[in-house]
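All remarks here apply to the structure that follows.
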Amino acid sequence: MEISLTHYLALAAVLFGIGLFGVLTRRNAVGILMSIELMFNAVNINLVAFNRYVTPADFSGQIFSIFVIVVAAAEATVGLAIVLLIYRNFRDIFVDNINLMKW
Amino acid sequence: MREFSWIIPLLPLLSFLVILLFTRENRKLSSAISIGAIAIGFVYAISLLVRQLGDNSEFEMRFAWAVFPTMSLEVGILIDSLTTMMLVVVTSVSMLVQIYSLGYMHGDPRFSRYFAYLSLFTFSMLGLVLANNFFLVFIFWELVGLTSYLLIGFWFEKKSASDAGKKAFITTRIGDLGFIVGILLLTIYAGTLNYREVFAQAAGGVIPTAALSLAGVFIFCGAVGKSAQFPLHVWLPDAMEGPTPVSALIHAATMVAAGVYLVARSMAIYANAPTAGMVVATIGIITALLAASIALVQNDIKRILAYSTVSQLGYMIMALGLGSFTAGTLHLWTHAFFKALLFLCAGSVIHAVHTQDIQFMGGLRGKMKITFWAMFIAALSIAGIPPLSGFWSKDEIVTATMGHPVFMVLTLLVAFMTAFYMFRLIFLTFFGTPRDQHAYDHAHESPRSMTMPLQILMVLSICAGWVAIPWLKEGYSMFVYYHEPHHLTPHYLIMAISSVVALSGIGLAYLMYYKRSISPDALAEKFKPLYTTLYNKWYFDEIYDRIIVKPVLALTSGLWIFDNGVIDWVVNFFGKFTIWVSDLKQWFDEHIVDGAVNGLGYTVWSFGALIRQVQTGRVQLYGFFIVFGIVVMLLIKVV
Amino acid sequence: MDSAIAPYLFYLFSFMIVVSGLLVVTLRDIFHCALFLIICLFSVAGVYVLLGADFIAAVQVLLYVGAIAVLMIFAIMLTAKVSGIGIKQQNEQVPIAIITTVAFVAIALYGLGKTIWNIKTDAVISGDTTMAIGKLLMTTYVVPFEIVSVVLLAALIGAIVIARRN
């Protein structure tokens with residue numbers, strides 16, 4: 001069957017859903033960050049697919065996805081720095097257990 | 001100038017107000033204001049008298065105050081010879097008494113208030129004398145009664161004094177009840193209360209005689225109360241609790257004379273209703289006899305003088321009742337001066353020896369010369385020794401009883417008794433050996449402020465009666481008269497008899513109390529029952545106490561118990577009811593209101609506790625909610 | 001890439017993406033998860049190539065796999081003591097998360113299917129995307145470009161500041 005936009009979008013949707021599932025259920029902080037990366041990737045697939053099928057002459061979709069990648073990198077950096085800091089202080093990175101401010 | 005005679009009572013009224021409101025702390029100023037007011041009044045009164053002597057016309061000023069369909073109540077002034085005479089009596093004696101009080105009341109803590117009260121009394125008395133109708137005179141009548149109460153009970157810390165004040169007020173009030181009935185009768189039958197109109201109707205026979213008699217008797221009731229006649233005489237001796245100058249002013253010269261003045265003023269009624277006149281005269285002589293008999297055996301110097309006053313008033317009333325306007329008013333004129341003098345001298349003696357009991361006095365003649373001579377002259381005057389003033393007026397009274405033999409005999413008896421008890425007093429007080437050496441040693445003559453009025457009154461006691469010497473062309477009776485001015489005819493026999501009677505009275509007193517040839521104690525033993533009765537004032541006070549006072553007090557207690565029980569029960573009931581209501585309210589407040597509030601709070605809390613569980617603080621849960629929300633929205637939108 | 005094997009490649013890559021993705025989010029050992037993440041990222045790069053975005057594919061491999069995934073592995077190793085076998089890796093929200101996620105994906109797919117996309121199939125896919133993207137970055141999109149460099153700087157400094165020992 002001819003691979004069209006819909007396929008790619010469906011793929012992106014499924015990947016997004018998987019990532020979402022991971023965000024909601026992982027206990028390990030790094031695991032959550034990894035799931036977020038999956039979601040970013042899903043978004044990128046969407047962007048590039050749209051670029052290819054809807055506006056092939058204009059590369060703005062791809063440029064957007066470059067920016068997404070860059071920002072994802074920055075975010076992963078900072079996120080992991082925080083995770084390290086938490087690990088240093090609590091000796092624990094399971095988000096369930098980091099509950100100082102919970103009632 | 002007669003139009004402005006209302007200034008005479010106005011000045012003492014202003015003095016009263018000023019002293020009471022402004023100058024209470026300043027004693028000298030208060031007494032100065034009071035004496036100043038009355039002095040001006042006195043000068044005005046003298047000038048009015050002089051004017052009246054020249055032109056004896058009646059002057060009336062009337063203002064309708066409350067106008068009713070059938071009649072009107074008015075305020076006004078009536079000035080005639082009687083008025084001017086009374087004005088002079090009141091202002092002169094008031095002034096002298098006030099000057100005397102400067103010395104007598106010196107050091108009293110309520111000095112200013114005393115002068116305020118005296119001013120108020122003077123205002124009331126002057127108003128009474130100037131009034132031109134029965135209504136107005138009644139108003140001032142009551143005011144005089146009020147101020148008398150205030151002054152008798154001036155030293156109210158003493159129970160006897162405050163009791164005496166109450167007794168005076170209540171007793172005179174009983175008389176006033178009759179007075180009101182008399183006024184009402186006049187209103188019904190005469191249709192007016194104005195003096196001239198009423199007397200014109202009385203003389204003209206417009207008012208039926210029976211009604212006139214009745215009115216006359218009832219109006220006389222007021223005089224019985226105010227002038228301490230039998231049977232309402234009981235308050236006057238007790239009123240001696242007041243300061244002696246008060247006794248001199250009120251109970252010798254002025255207030256008690258108000259009753260006599262009223263009868264004199266209403267002469268038209270009594271002259272035209274002979275029955276009423278006879279009632280008046282009878283009461284008068286009974287009083288005179290009764291009081292003189294009691295005075296024979298009293299030992300308190302002021303009591304003797306008090307009963308003497310009652311007796312002399314009886315004389316005046318009797319004279320008026322028998323139709324002799326001249327005799328009654330003349331005796332009022334002379335009596336005012338010598339009785340005031342007697343009281344002021346008594347005050348002087350009391351001031352010196354600090355006791356009122358003559359049994360503890362004696363031999364004061366040497367130590368108090370001025371007082372002695374003044375009292376001696378006054379006693380001679382009251383006894384009726386010619387040519388002193390008392391002789392002329394007493395003579396007129398005896399003359400008035402001509403044609404009524406019983407009255408004449410009794411009058412002469414009273415004259416004898418008067419002379420006797422007065423000189424008993426003189427001999428026991430001023431002569432002989434002092435019975436209380438301690439008091440005698442401390443005795444001294446009174447200060448100038450007290451002896452000066454004595455000297456003035458002494459002169460007046462000698463010559464005030466000379467206006468009525470029968471051989472005078474323009475004598476008293478040409479000036480003060482009822483119906484027609486007339487000349488007094490000298491009755492030489494009467495004059496001789498009355499002089500003999502007086503001298504024999506003095507003689508008996510001399511024998512008993514100076515020479516001691518007849519022993520008073522032996523006499524008292526011999527006539528023990530009579531003596532005891534006289535000494536106890538014929539038991540009037542005790543009888544009244546039994547039949548009037550005790551029942552009234554019993555009724556009062558009964559009413560009080562009722563009042564207490566019923567009213568208190570009601571009040572307590574309300575109190576208990578209120579408490580019950582508040583208990584109810586408290587229960588309601590606690591359970592229902594608080595329950596509601598607490599319940600509400602609990603509901604909110606539990607609801608909150610329930611909802612609080614959403615905020616786990618776990619981000620993944622929040623994330624889940626976000627996704628859930630998005631799913632729901634998408635569902636709605638897309639599907 | 002319009003060739004005959006394109007569909008097969010697509011299905012292959014999709015399969016790899018989905019499977020590795022599932023493994024990323026469910027495996028117990030976080031290190032294994034990281035490794036499967038790398039496989040997933042590679043597969044995504046393959047998808048990019050299929051879509052004709054060769055520069056993006058290269059960037060994906062360089063950055064995501066080369067930097068980010070490595071960073072993840074670093075972090076895992078630095079926090080290694082805690083994440084061991086036997087410790088539960090997934091929390092208790094699993095059931096409801098499955099339901100919700102499946103619902104979400106289902107709706108999305110349904111919506112996707114229903115929408116008529118504005119597909120332009122007659123356009124030419126240029127092979128040299130790098131130059132075009134480079135040109136665009138320096139002209140039209142120069143401002144976002146500069147800003148994103150600042151973002152990177154900030155992230156860099158931030159990470160250092162956060163994670164340094166005092």
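These numbers come from a predicted model, not from an experiment. Note on naming: letters A, B, ... go to the chains in the order of the sequence lines (proteins, then strands), and numbering restarts at 1 for each one.
- When all heavy atoms are compared, the tightest approach of A:Phe67 to C:Tyr141 is CZ-O, 4.3 Å.
- A:Arg26 and C:Thr26 get closest at one heavy-atom pair: NH1-C, 3.6 Å.
- Looking at C:Val24, both its backbone and its side chain come within 4.5 Å of chain A, counting heavy atoms on both sides.
- Separating the CG atom in A:Leu38 from the OG atom in C:Ser20 is a distance of 7.5 Å, to the nearest 0.5 Å.
- Within 6.0 Å of CZ on A:Phe50 lie more than 12 heavy atoms contributed by other residues, nucleotides or ligands.
- Contact of A:Asn51 with chain C is not made at all, since no heavy-atom distance falls under 4.5 Å.
- Of the atoms belonging to A:Glu75, not a single heavy atom falls under 4.5 Å from chain C.
- Looking at every heavy atom in both residues, C:Val151 comes nearest to A:Ala74 through CG1-CB, 4.3 Å.
- Annotation for C:Ala163 and A:Arg88: closest pair O-NH2, 2.5 Å, computed over non-hydrogen atoms.
- The shortest side-chain heavy-atom distance between C:Leu22 and A:Phe21 does not fall under the 4.5 Å cut-off.
- Interface remark: A:Leu80 contributes side-chain atoms only to the contact with chain C (heavy atom separation under 4.5 Å).
- Contacts of A:Ser60 with chain C are made by both backbone and side-chain atoms, with heavy-atom separations under 4.5 Å.
- Looking at heavy atoms from C-beta onward, C:Phe13 lies out of side-chain contact with A:Leu11 at the 4.5 angstrom threshold.
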One pair to check against side-chain contact (heavy atoms from CB on, under 4.5 Å): A:Ile45 and C:Val44. What are the steps and the verdict?
CA-CA 8 Å; A:Ile45 295 176; C:Val44 170; 4.1 Å; yes
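- Neither the backbone nor the side chain of A:Ala42 has a heavy atom closer than 4.5 Å to any heavy atom of chain C.
- How far OG1 of C:Thr140 is from CD1 of A:Ile63: 7.0 Å, rounded to the nearest 0.5 Å.
- Atoms CD1 and CD, from C:Ile133 and A:Gln62 in turn, are 4.0 Å apart once rounded to the nearest 0.5 Å.
- Ranked by heavy-atom pairs under 4.5 Å with chain C, the first of A:Asn41, A:Val30, A:Leu20, A:Val70 is A:Asn41.
- Contact check for C:Leu41 versus A:Glu37: no side-chain heavy atoms found under the 4.5 Å cut-off.
- Both the backbone and the side chain of C:Ile162 come within less than 4.5 Å of a heavy atom in chain A.
- Taking CG from C:Leu71 and CG from A:Leu33, the interatomic distance works out to 9.5 Å, rounded to the nearest 0.5 Å.
- In C:Phe10, the CZ atom is crowded: over 12 heavy atoms of neighbouring residues, nucleotides or ligands sit closer than 6.0 Å.
- The shortest heavy-atom contact between C:Ala108 and A:Ala13 is CB-CB, 4.4 Å.
- At a 4.5 Å heavy-atom cutoff, the contact between C:Val105 and chain A is made by side-chain atoms alone.
- In this structure, the separation between CD1 on A:Ile66 and CD on C:Gln60 is 11.5 Å, given to the nearest 0.5 Å.
- Using a 4.5 Å cut-off between heavy atoms, C:Cys40 touches chain A through its side chain atoms alone.
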Could you check A:Thr25 against C:Val25 for side-chain contact (heavy atoms from CB on, under 4.5 Å), going step by step and ending with a plain yes or no?
CA-CA 8 Å; A:Thr25 55; C:Val25 297; 5.6 Å; no
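- Contacts of C:Leu109 with chain A are made by side-chain atoms alone, with heavy-atom separations under 4.5 Å and no backbone atom involved.
- Looking at C:Ala97, both its backbone and its side chain come within 4.5 Å of chain A, counting heavy atoms on both sides.
- Between the side chain of A:Arg52 and the main chain of C:Gly52, no donor-acceptor pair closer than 3.5 Å is present.
- C:Ala34 touches chain A through backbone and side chain together, each having a heavy atom under 4.5 Å away.
- Chain A forms more heavy-atom pairs under 4.5 Å with one residue of C:Val161, C:Val18, C:Val59, C:Leu156 than with any other, namely C:Val18.
- The structure places CD1 of C:Ile56 at 5.5 Å from CD1 of A:Ile69, a figure rounded to the nearest 0.5 Å.
- With a 4.5 angstrom heavy-atom cutoff, C:Ile68 touches chain A only via side-chain atoms.
- A:Leu84 touches chain C through its side chain: at least one heavy atom from C-beta onward sits under 4.5 Å away, while N, CA, C and O do not.
- Residue contact with chain C, scored on non-hydrogen atoms closer than 4.5 Å, involves the backbone and the side chain of A:Tyr8 alike.
- Using a 4.5 Å cut-off between heavy atoms, A:Thr77 touches chain C through backbone and side chain atoms alike.
- When C:Tyr64, C:Phe145, C:Phe104, C:Phe74 are compared by the number of non-hydrogen pairs under 4.5 Å with chain A, C:Tyr64 comes out ahead.
- Ranked by heavy-atom pairs under 4.5 Å with chain A, the list C:Ala67, C:Gly158, C:Ala154, C:Pro144 is led by C:Pro144.
- A:Leu9 touches chain C through backbone and side chain together, each having a heavy atom under 4.5 Å away.
- Taking all atoms of both residues into account, the shortest heavy-atom contact from A:Val48 to C:Ala53 is CG1-CB, 3.6 Å.
- In this structure, the portions of A:Ile18 lying under 4.5 Å from any heavy atom of chain C include both its backbone and its side chain.
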